[in-house]
Amino acid sequence: MSVPITDKMLAILGFSTIIVFLVLIMTKKMSVMTALVITPIIFGLIAGFSPKELGEFAIAGIKQVAPTGILLMFAVLYFATMLDAGLFDPVIAAIIKSVKGDPLKVILGTAILTMIVHLDGDGTATFMIVLSAFLPIYKQLKINRLILSSIVALSVGPMHLVPWSGTSARAISVMKSDAVHIFNPNVPAIIGGIIWVLFVAYIFGKKERKRLGIIDFQYNHQENLSEEQQGLRRPKLIIFNAILTISLIISLMKGWIPAAVLFVVTSMIALLINYPKLADQQKVMKVHGTNIFMVSSMIFAAGIFSGILTGSKMIEEMANALVALIPQNHANWLPAITAITSLPASILFTPDAYYFGVVPILSQTATQFGIDQLEIGRAALLGQMTVGFPISPLTASTFLLVGLSEVDLGEHQRHTFKWAWGTTIVMTIVAILTGSIHI
């Protein structure tokens, strides 16, 4: 450093970095990626660090998040390939066939299909697949379309904790951890969330069955696929794709192979077996390339952000400042409070603002009190832009959801919010009972 600076000034500059970053991205003055890179560099220079020092901090941060960036890149490619190949088509067809015009079965089927499809962790793809399959059914049976948007929103929530979703990838990279330590302890909470959502779907279904009765109708999902989608389907490879996907998920949870390497290898196998022709492989990668680039490059930009804040000791001093404000006898509630407030935080913060701006401070503060900082990451994931993203006006996929469901955003939020927060509360209770987070 060329100019001496006090610990207190470092804390002030750190909080200033976070505030300016939040303002820039919330007012859309900068893209998230640009703000992640430029903001910490400017405040790092103000703090007196040389460009060489800031570069070294940035490289250290990039190295920390590299495995997560690679994981996310190839996980998106893998599940995009599975969707294009039609892995989930038999499930869609079976669920639609089984509902038989019963509103209760239709709503439960919507929830189950959404959870299965959302194994890819991509909200946009899930909304397009599920809503294109079920909207005509809801219209034909005259089921309230607010229930469609609510159940789809609720059903993606617990499943969005999968380690390859953009939200989990942010948390894993910020915590400098992996899926084994962030995702696995939350599995019981995810199961609790799934049970809660199915319970809510049952409540909605009973009300609609009482209002509408049971109607006989016919609907064929395959007829609603575009010509291009049908050209990419590989029905003869469904068993192979299912075995490959199940093996991948088991390997990921067991930690037998590093997650990044696992997805690189399996995505290449999936592409090669399903699309042996180079032209078909290029078509799949071209269609999904933009999405792959955007989500993975964001992680590397976040590495620069966290690397500079960490290397400059700004995060450490911000945590010290917070520690002085929190009574010692209430510190152990920090993970639980983080979990309970995580869903409302989705209305106020984008995932980038929350995970790159707020979580590092909370986790460092937890460390100061002797609390495992990973508990903050797990707690944040119980609501912030997981359960919360389909009701947040800060995510584009929310507008896709309400648009495809043909409902008003405000009505969707009012209809969904209390049930979504219920999901977070149930998941928090299970997380506490199973030791994922402590009080």
ask   = With a 4.5 Å heavy-atom cut-off, do Val152 and Pro390 have their side chains touching?
value = no

ask   = Which atom names give the shortest non-hydrogen contact between Ala85 and Asn274, and what distance separates them?
value = CB-OD1, 3.5 Å

message = Using modelled atom types and a 3.5 Å cut-off, is there a donor and acceptor pairing between side-chain atoms of Asp178 and backbone atoms of His181?
response = yes

ask   = Can you tell me how far CG of Leu148 sits from OG of Ser405, rounded to the nearest 0.5 angstrom?
value = 4.5 Å

ask   = Under 3.5 Å, is there a donor-acceptor pair between the side chain of Gln413 and the main chain of Ile391?
value = yes

request  = Please report the C-alpha distance between Ile361 and Phe15 in whole Å, then the side-chain angles of each, then the deciding distance to 0.1 Å, and finally whether the side-chain contact (heavy atoms from CB on, under 4.5 Å) criterion is met.
outcome  = CA-CA 9 Å; Ile361 301 173; Phe15 283 118; 4.1 Å; yes

inquiry  = For the CD1 atom on Ile239, are there more than 12 heavy atoms of other groups (residues, nucleotides or ligands in this structure) within a distance under 6.0 Å?
reply    = no

message = Tell me whether Ser168 contacts the main-chain N or O of Trp164 through its side chain, where contact means a donor paired with an acceptor under 3.5 Å.
response = no

note = When rounded to the nearest 0.5 Å, the distance separating CD1 of Ile107 from CG of Asn144 is 8.5 Å

query = In Å and rounded to the nearest 0.5 Å, what is the CH2 to OG distance from Trp421 to Ser342?
reply = 9.5 Å

ask   = How about Leu362 and Val358: do any of their side-chain heavy atoms sit closer than 4.5 Å?
value = yes

Arg211 and Glu208: CA distance, side-chain angles, deciding distance, salt bridge (charged side-chain N to carboxylate O under 4.0 Å, His left out) verdict = CA-CA 5 Å; Arg211 184 174 72 89; Glu208 288 299 278; 2.8 Å; yes

task = Would you indicate whether the side-chain heavy atoms of Arg378 and Asp372 approach each other to under 4.5 Å?
result = yes

remark   = Interatomic distance, OG1@Thr245 vs CG@Leu119, rounded to 0.5 Å, equals 8.5 Å

Beyond-backbone contact of Val174 with Tyr354, side-chain heavy atoms, under 4.5 angstrom = no

remark   = Rounded to the nearest 0.5 angstrom, the CE-OG distance for Met385 and Ser165 is 12.5 Å

message = side-chain contact (heavy atoms from CB on, under 4.5 Å) for Val130 and His118? Distances and angles first, verdict last.
response = CA-CA 10 Å; Val130 175; His118 201 61; over 6 Å; no

request  = Measure from the side-chain N and O atoms of Ser392 to the backbone N and O of Gly388, and report whether any donor-acceptor pair falls under 3.5 Å.
outcome  = no

request  = Please lay out, stage by stage, how Thr266 and Phe74 fare under the test side-chain contact (heavy atoms from CB on, under 4.5 Å).
outcome  = CA-CA 9 Å; Thr266 52; Phe74 287 93; over 6 Å; no

query = Side chain of Ser363, backbone of Val359: donor and acceptor closer than 3.5 Å?
reply = yes

inquiry  = Do Phe369 and Asn332 have side chains that approach each other closer than 4.5 Å (heavy atoms only, starting at C-beta)?
reply    = no

ask   = Does Arg234 pair with Asp280 as a salt bridge, N-O distance under 4.0 Å?
value = yes

ask   = Are Thr416 and Ser150 close enough that a side-chain donor and a side-chain acceptor fall under 3.5 Å?
value = yes

request  = Return the minimal non-hydrogen interatomic distance between Ala339 and Thr424, and the atom names on each side.
outcome  = O-CG2, 3.3 Å

task = Say whether Tyr138 and Thr110, considering side chains only, have a donor N or O and an acceptor N or O under 3.5 Å apart.
result = yes

Would you be so kind as to tabulate the donor-acceptor pairs closer than 3.5 Å made by side chains of residues 17-25, with sequence neighbours excluded?
{"residue": "Thr17", "atom": "OG1", "partner": "Leu13", "partner atom": "O", "Å": "2.7"}

ask   = Side chains of Thr423 and Trp196: is there a donor and an acceptor less than 3.5 Å apart?
value = yes

inquiry  = When you compare the side chain of Leu381 with that of Phe183, does any pair of heavy atoms fall below 4.5 Å?
reply    = no

request  = Return the orientation label for the Phe305 and Phe356 ring planes: parallel under 30°, perpendicular over 60°, tilted otherwise.
outcome  = tilted

request  = Please check if the side chain of Ser155 supplies one atom and the backbone of Thr114 the other of a donor-acceptor pair under 3.5 Å.
outcome  = no

request  = Give a yes or no on this: more than 12 heavy atoms of other residues, nucleotides or ligands lie within 6.0 Å of atom NZ of Lys176.
outcome  = yes

Donor-acceptor pair, side chain of Asp408 and main chain of Glu411, under 3.5 angstrom = yes

Note, Met427 side chain near Leu161 side chain (heavy atom, < 4.5 Å) = yes

ask   = What are the two closest non-hydrogen atoms of Leu104 and Lys206, and how far apart are they?
value = CD1-N, 3.9 Å

inquiry  = For Pro103 versus Arg209, what's the shortest heavy-atom pair and its separation?
reply    = CB-N, 3.9 Å

note = Looking only at heavy atoms, the pair that brings Ser436 and Glu375 closest together is O-CG, 3.7 Å

ask   = Do Trp419 and Phe204 make the cut of ring centroids closer than 6.0 angstrom?
value = yes

message = Using a 3.5 Å distance criterion without hydrogens, assess whether the side chain of Thr39 forms a donor-acceptor pair with backbone atoms of Leu36.
response = no

query = Where do Ala301 and Val37 come nearest, in terms of heavy atoms and distance?
reply = CB-CG2, 3.9 Å

key: Check against side-chain contact (heavy atoms from CB on, under 4.5 Å), Leu244 and Tyr78   = CA-CA 11 Å; Leu244 183 63; Tyr78 178 85; 3.5 Å; yes

inquiry  = If we check side-chain contact (heavy atoms from CB on, under 4.5 Å) with Thr386, which of these qualifies: Val162, Ile190, Val156, Thr167?
reply    = Thr167

ask   = Do the side chain of Tyr275 and the main chain of Lys283 share a donor and acceptor less than 3.5 angstrom apart?
value = no

Residue pair Leu248 / Ser251, side-chain heavy-atom distance below 4.5 Å = no

note = Rounded to the nearest 0.5 angstrom, the CZ-CG distance for Arg233 and Leu87 is 10.0 Å

